[in-house]
Amino acid sequence: RQQQQQQQQQRQRTTAADEATLVMVEGPGATRNGRKAQAIIGKVVSSSAPPNNRCHTPLIGCKVIEAFTVGKELFLIFLTDSRGVLDEDVVSSSSETAMRLHFGMNGSFRTTRVARCNNHDQLQQSTTANGAANWKRNDLRIFLESENSSSNDTHYTVIEAWDTTVNYPVCVVSARKKFTNLSSKDVCSVLFNAQDVFTSLRQHGITLNISDALLNQDICPGIGNIIK
C-alpha cells in the first residue's frame, strides 16, 4: 500500500511538472493548435447544436475555409453572409470574416468528434467529460458538421478553447496580411527564412537590445519570455 501511495505521489508530481511546462503558450504551442484546427476546414458551423455552445451566433451556417497561425495567434477564416456580421468594415468583398485566438499564459485548444444526438444536455456532457482541467475557463465551443446536409456523417466535430482570448469578428485582410508579412520570420512556420529575420534586425538599428528584439513580435513572432 505504501508503494502504491508513493507511485501515486510520483504521478501527481509528474503531472504537475507537465502542466508547468505548458504555462505561457508561445509559438510552438500555437503551431500545434493550428495543426489541430486543420480538421475543421470545409466544415460548417452547425445550427442544430446546443444553444449554449459558446458559439458566436452570426457564425451559424458559416463554412471554415482557412486556419493558420502567426506567432502566438491562431486565425480561423469563415465564408459567411455579410448580413450575419455586425460590422461591415471587417468583412471582405467576398463575404469572409475571421476569428482570432490568443492563448495567453495558459490557454489550450482541442478538436474532438462527438456522436450526434437529440439530447442537448447529453451532447454538452459528452464534450466536457474529457476536457481541460476543471479550473480552466471555457471560452469557445463550436459544433461543426459536414457541408453536405445529406451526408451520412453521424458525428459533430467540436472545437474548444480554454483560458483563451477570442476576438470575433476581426478583419480578414489584416489577418492574411499578418500571415504574409510575418510567416518568413516565424521559426515554427514552413516558410521561415532566417535571412528575413537578420534583415529585420538590421532595419531596427544597432542599438536594439537583443532580448527586446526577441520579444518583438514583428521581428521574431512566437517567441516569448520562456524561449527568450
Side-chain angles (χ1 to χ4, degrees), residues 25 27 29-50 53-103 107-114 116 127 138-162 164-186 188-192 221-222:
V25 181
T31 300
R32 284 193 296 270
N33 291 337
R35 290 171 183 161
K36 296 175 188 176
Q38 300 303 307
I40 65 172
I41 293 179
K43 301 283 187 180
V44 176
V45 180
S46 174
S47 59
S48 58
N53 64 352
R54 296 186 185 277
C55 168
H56 295 266
T57 302
L59 282 176
I60 293 177
C62 298
K63 178 182 177 181
V64 182
I65 57 174
E66 292 179 56
F68 56 84
T69 55
V70 183
K72 304 176 186 178
E73 301 169 290
L74 167 62
F75 291 95
L76 303 177
I77 310 297
F78 298 86
L79 184 63
T80 182
D81 187 298
S82 59
R83 293 172 299 177
V85 181
L86 300 179
D87 185 355
E88 294 182 356
D89 292 335
V90 298
V91 183
S92 70
S93 58
S94 57
S95 296
E96 297 171 344
T97 186
M99 175 182 289
R100 171 187 177 269
L101 289 83
H102 191 288
F103 301 98
S108 54
F109 181 83
R110 183 181 72 156
T111 62
T112 53
R113 282 173 57 81
V114 297
R116 293 173 179 266
T127 63
N138 181 264
D139 295 301
L140 182 72
R141 180 180 295 127
I142 299 180
F143 290 74
L144 302 104
E145 56 192 353
S146 299
E147 183 178 15
N148 186 354
S149 58
S150 61
S151 170
N152 294 324
D153 190 359
T154 58
H155 289 72
Y156 288 113
T157 300
V158 187
I159 60 170
E160 297 176 278
W162 292 270
T164 299
T165 299
V166 180
N167 301 118
Y168 175 82
V170 297
C171 179
V172 176
V173 174
S174 297
R176 287 188 175 133
K177 184 177 180 180
K178 177 174 282 192
F179 178 80
T180 300
N181 293 341
L182 297 181
S183 289
S184 65
K185 303 175 186 177
D186 185 348
C188 291
S189 171
V190 295
L191 302 175
F192 176 70

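None of the values given here were measured: they were computed from a predicted structure.
With sequence neighbours excluded, the residues that form a salt bridge (charged side-chain N to carboxylate O under 4.0 Å, His left out) with Arg113 are Asp153. Listed by chain and number, the residues in a side-chain hydrogen bond (donor to acceptor under 3.5 Å, both in side chains) with Lys43 amount to none (sequence neighbours excluded). The side-chain contact (heavy atoms from CB on, under 4.5 Å) test applied to Thr165 returns Arg100, His102, Asn167, not counting sequence neighbours. For Ser184, the side-chain hydrogen bond (donor to acceptor under 3.5 Å, both in side chains) partners are Asp196, not counting sequence neighbours. Looking at residues two or more places apart in sequence or on another chain, you find a ring pair (Phe, Tyr, Trp, His ring centres under 6.0 Å) between Phe68 and Phe75, Phe179. With sequence neighbours left out, the side-chain contact (heavy atoms from CB on, under 4.5 Å) criterion links Lys36 to Asn33, Phe109, Thr111.
Scanning all heavy atoms of the two residues, the minimum distance from Lys72 to Gly27 falls at CG-N, 4.3 Å. Taking all atoms of both residues into account, the shortest heavy-atom contact from Met99 to Ile142 is CE-CD1, 4.2 Å. Heavy atoms only, all atoms of each residue included: Leu74 and Gly34 are closest at CD1-CA, 3.9 Å. Scanning both residues, Cys188 and Thr31, for their nearest heavy atoms gives CB-OG1, 3.2 Å. Annotation for Leu182 and Pro221: closest pair O-CG, 3.7 Å, computed over non-hydrogen atoms. Between Thr97 and Pro169, the closest heavy-atom pair is OG1-CB, 3.3 Å.
Residue Glu145 holds its CD atom at 9.5 Å from OG1 of Thr157, rounded to the nearest 0.5 Å. Expressed to the nearest 0.5 Å, how far CD of Glu73 lies from NZ of Lys178 amounts to 3.5 Å. Atom CG of residue Leu144 and atom NE2 of residue His155 lie 15.0 Å apart, to the nearest 0.5 angstrom. Considering OG1 of Thr69 and CG of Leu101, their distance stands at 11.5 Å, rounded to 0.5 Å. For the atom pair CD1 (Ile77) and SG (Cys62), the distance works out to 12.0 Å, reported to the nearest 0.5 Å.
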Original post:
Would Leu59 and Thr80 count as a side-chain contact (heavy atoms from CB on, under 4.5 Å) if you check the C-alpha gap in whole Å, the side-chain angles of each, and the deciding distance to 0.1 Å?
Top reply: CA-CA 7 Å; Leu59 282 176; Thr80 182; 5.9 Å; no

### Task
With side-chain contact (heavy atoms from CB on, under 4.5 Å) as the test, would you mind laying out the steps for Ile40 and Leu76 before giving the verdict?
CA-CA 10 Å; Ile40 65 172; Leu76 303 177; 4.3 Å; yes

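Looking at Thr164, its side chain never comes within 3.5 Å of a backbone N or O of Val166 through a donor-acceptor pair.
Here the rule is side-chain contact (heavy atoms from CB on, under 4.5 Å) with Phe78, and of Ile65, Val45, Val172 only Val45 fits it.
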